[in-house]
Amino acid sequence: MSSYDVIVIGAGPAGYPAAIRASQLGLKTAIVDNFRGKNGKPALGGTCLNVGCIPSKALLDSSKHFEHARDHYGSHGISTGDVSIDVPTMIQRKDKIVGQLTGGVAQLLKANKVDAYAGTGRLLKDRQVEVTPMDEGEVQVLSARNVILASGSIPIEIPNVSFDGKHIIDNAGALDLEEVPETLGVIGAGVIGLELGSVWRRLGSDVVLLEALPDFLALADADIARAAHREFKRQKLDIRLGTLVKSAEVKDGKVEVTYEQDGEQSQLTFDRLLVAVGRCANTAGLLADDCGVSVNQRGQIEVDEHCQTSVAGVWGIGDAVRGPMLAHKGTEEGVAVAERIAGRPSHVNLELVPWVIYSEPEVAWVGKTEAEVKSEGVDYRTGSFPFAATGRALAMGEPAGMVKVIADAETDRLLGVHICGANASEMIAEAVVAMEFHGSAEDLATICHAHPTMSEAVHEAALSVDKRAIHRVN
Ligand code: FAD
Ligand code: NAD
């Protein structure tokens with residue numbers, strides 16, 4: 001039996017960085033993964049690289065170019081004639097990027113001397129791992145001093161709405177449509193619904209998002225959600241709140257959706273239906289009955305604040321455990337666990353994991369919303385600044401949105417920073433750094449920001465906490 005210091009099950013953005021870091025720290029490491037790429041072959045990188053973060057951003061980029069060429073180039077004096085989209089070429093570009101990155105992970109693992117097994121791993125007792133090969137080959141059992149469970153997540157399927165891979169689809173299906181559907185229904189106006197709904201709307205689909213909750217983007221700060229909602233409405237992304245989908249049926253090549261709103265049932269028919277109602281931990285079949293690791297009612301592996309499970313030497317990270325289902329959160333946990341196994345101190349601050357929605361405008365935040373701060377009874381101050389008042393946003397043709405800063409009224413410590421606007425995904429990093437260093441609104445306000453940049457709005461919002469913004473009336 002081959003034995004290792006560390007075996008990682010799952011090579012997504014949580015698992016593969018854990019394996020690389022463990023190996024860098026001198027630990028003999030193996031990784032087991034069972035993801036199949038579009039070509040049917042094993043593909044490393046998990047959901048994120050294959051059917052998540054990266055392919056969605058590739059299509060967001062392509063569709064943004066298309067929309068800008070069609071609708072916005074004219075105002076720059078650029079004429080293009082009729083603009084058309086060749087969907088197969090756009091998908092090929094996306095697949096090429098995915099291939100580059102998943103191949104890159106394979107190379108990195110090899111270069112770091114991590115043994116990679118293409119197969120399904122199952123944790124047995126005493127930190128043994130059974131590996132069933134994806135293709136031919138014999139089942140083998142490996143043993144390890146430490147096992148890191150990083151099996152990720154899968155889409156939630158709701159009752160009476162079954163995926164058929166063609167009409168009723170999940171994220172993977174919506175990243176691989178062969179043509180622009182005339183109508184696209186999306187169940188759930190969450191992160192996937194907004195990102196992938198935006199892709200196909202920009203390319204010409206009539207997109208309707210059916211959202212069960214009465215509030216739009218309930219996770220985000222209410223002012224930011226309102227600003228984003230206004231923009232999405234303007235773009236004709238049809239978001240219907242308080243709409244609970246009850247069932248969907250494929251009839252004559254179309255999908256008939258039945259939903260309930262204000263106690264009344266109604267129906268809508270779409271060419272395609274994307275179901276994006278959240279994801280659940282992918283732990284079915286991962287754990288032998290006697291392996292000792294506990295799983296909660298939602299199927300998540302139970303871990304403490306250091307990602308340690310109920311069994312010494314067995315760890316859980318990424319989407320398979322509690323906390324936000326975000327790639328960078330999983331990566332931080334993976335690296336931290338590898339450090340801990342090597343006897344080094346490490347910690348992941350789940351309070352300061354940034355969120356980004358890559359719509360247009362982008363939405364990004366870190367820390368608490370105003371509603372959270374209020375409900376905790378904290379005395380706070382806020383400052384905000386609209387991008388419409390910054391020169392760079394106007395020059396870029398991106399005046400939508402705002403920055404909002406929330407700070408403790410007594411200590412001025414930053415409690416939350418919320419952005420809706422172009423490049424919010426990049427700008428939020430400044431706030432994360434400031435908050436990790438226990439920074440104050442005053443700190444952000446006294447740092448010199450380059451002009452003209454979008455980040456001047458962060459500066460001005462921080463100044464406005466103390467009512468001393470320069471480019472707006474306080
Ligand atoms: P995964 O990426 O799911 O990887 C788990 C891996 O383990 C998979 O390869 C799986 O096949 C394998 N596996 C599972 N069980 C076994 C087993 N028993 N044996 C062997 N292998 C196994 N997050 C962001 O931060 N930014 C984004 O922009 C973003 N965009 C997204 C867009 C979409 C459309 C989706 C669906 C998700 C997006 N996410 C994004 C979320 C992100 O993809 C996940 O948070 C991230 O992939 C979780 O990483 P992970 O390593 O925990 O799990
Ligand atoms: P989500 O939790 O973001 O949104 C799901 C939405 O579906 C919710 O608003 C929920 O109220 C609604 N819903 C649930 N059941 C419903 C029903 N029967 N009818 C109508 N609406 C219903 O989930 P998601 O969009 O599927 O994304 C899953 C996760 O993947 C995200 O939470 C996030 O962690 C991750 N992700 C991140 C990014 C990013 O970081 N940019 C992008 C995509 C996905």
Side-chain angles (χ1 to χ4, degrees), residues 13 37-39 43 45-76 78-104 166 169-186 189-209 228 231-232 234-238 270-274 276 327 356-364 396-398 400-401 421-426 454:
K38 245 175 104 171
N39 58 7
T47 303
C48 177
L49 265 53
N50 288 285
V51 289
C53 326
I54 300 302
S56 58
K57 275 45 197 200
L59 296 192
L60 278 161
D61 202 61
S62 296
S63 57
K64 181 173 164 171
H65 282 300
F66 174 75
E67 187 174 49
H68 281 229
R70 187 190 56 196
D71 300 341
H72 305 314
Y73 278 12
S75 68
H76 294 270
I78 303 169
S79 40
T80 53
D82 278 348
V83 177
S84 63
I85 180 78
D86 175 0
V87 174
T89 301
M90 175 184 79
I91 299 290
Q92 272 165 27
R93 171 184 178 274
K94 179 264 294 177
D95 290 341
K96 192 171 163 209
I97 295 163
V98 168
Q100 264 172 306
L101 289 169
T102 56
K166 183 160 188 218
I169 52 180
D170 60 8
N171 53 295
L175 290 163
D176 261 332
L177 293 177
E178 285 160 4
E179 55 187 19
V180 181
E182 257 177 57
T183 54
L184 173 69
V186 181
V191 194
I192 294 180
L194 289 171
E195 290 187 357
L196 296 182
S198 293
V199 165
W200 296 103
R201 180 203 59 75
R202 292 171 190 171
L203 299 178
S205 282
D206 281 334
V207 177
V208 179
L209 291 99
E231 282 310 307
F232 297 145
R234 208 182 46 73
Q235 295 165 5
K236 304 212 169 16
L237 199 55
D238 186 350
F270 301 105
D271 292 322
R272 294 283 184 275
L273 178 70
L274 163 61
V356 179
I357 305 174
Y358 296 82
S359 44
E360 201 178 9
E362 293 181 343
V363 177
M396 286 165 54
E398 301 278 7
N423 300 350
S425 54
E426 303 292 342
M454 296 291 280

From CA spacing to verdict: side-chain contact (heavy atoms from CB on, under 4.5 Å), Tyr358, Ser425: CA-CA 7 Å; Tyr358 296 82; Ser425 54; 3.7 Å; yes

Indicate the atoms forming the closest heavy-atom contact of [X] with [Y], along with that distance.
X	Y	answer
Gly193	Val186	CA-CG1, 3.6 Å
Thr80	Ala69	OG1-O, 3.9 Å
Trp200	Ala174	NE1-O, 2.9 Å
Leu209	Ala189	CD2-CA, 3.8 Å
Gly52	Ser56	O-OG, 2.7 Å
Pro361	Ser359	O-OG, 2.8 Å

Electrostatic pair Arg234-Glu231, nearest N-O below 4.0 angstrom: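 So Arg234 pairs with Glu231 through a salt bridge.
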
Partner of Val207 by side chain to side chain contact (heavy atoms under 4.5 Å, CB included), out of Leu274, Leu196, Val199, Leu237: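 Going through the options one by one, the only one that passes is Leu237.
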
To the nearest 0.5 Å, what is the distance between [atom1] ([X]) and [atom2] ([Y])?
X	Y	atom1	atom2	result
Ser205	Arg272	OG	CZ	10.0 Å
Glu67	Lys64	CD	NZ	10.0 Å
Asp271	Glu179	CG	CD	8.5 Å

So do the side chains of [X] and [Y] get within less than 4.5 Å of each other, counting heavy atoms only?
X	Y	value
Val98	Asn50	yes
Arg202	Glu360	yes
Leu184	Phe270	no
Lys57	Glu195	yes
Val363	Leu194	no

Side-chain donor/acceptor pairs under 3.5 Å, residues 83-97, sequence neighbours excluded:
from, atom 1, to, atom 2, distance (Å)
Asp86, OD2, Thr89, OG1, 2.5
Arg93, NH1, Ala58, O, 3.3
Arg93, NH1, Ser62, OG, 3.4
Lys94, NZ, Leu175, O, 3.2
Lys94, NZ, Asp176, OD1, 3.0
Asp95, OD2, Lys38, NZ, 2.6

Set of residues satisfying ring-ring contact (aromatic ring centres under 6.0 Å, His included) with respect to His65, sequence neighbours excluded: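 With sequence neighbours excluded, His65 shows a ring-ring contact (aromatic ring centres under 6.0 Å, His included) to no residue whatsoever.
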
Glu182 CD: over 12 foreign heavy atoms closer than 6.0 Å: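 Check fails, neighbour count at 12 or below.
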
Side-chain (Glu362) to main-chain (Ala422) donor-acceptor, under 3.5 angstrom: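 No, Glu362 side chain to Ala422 backbone: no donor-acceptor pair under 3.5 Å.
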
Trace of the side-chain hydrogen bond (donor to acceptor under 3.5 Å, both in side chains) decision for Thr183 with Asp206: CA-CA 5 Å; Thr183 54; Asp206 281 334; over 6 Å; no

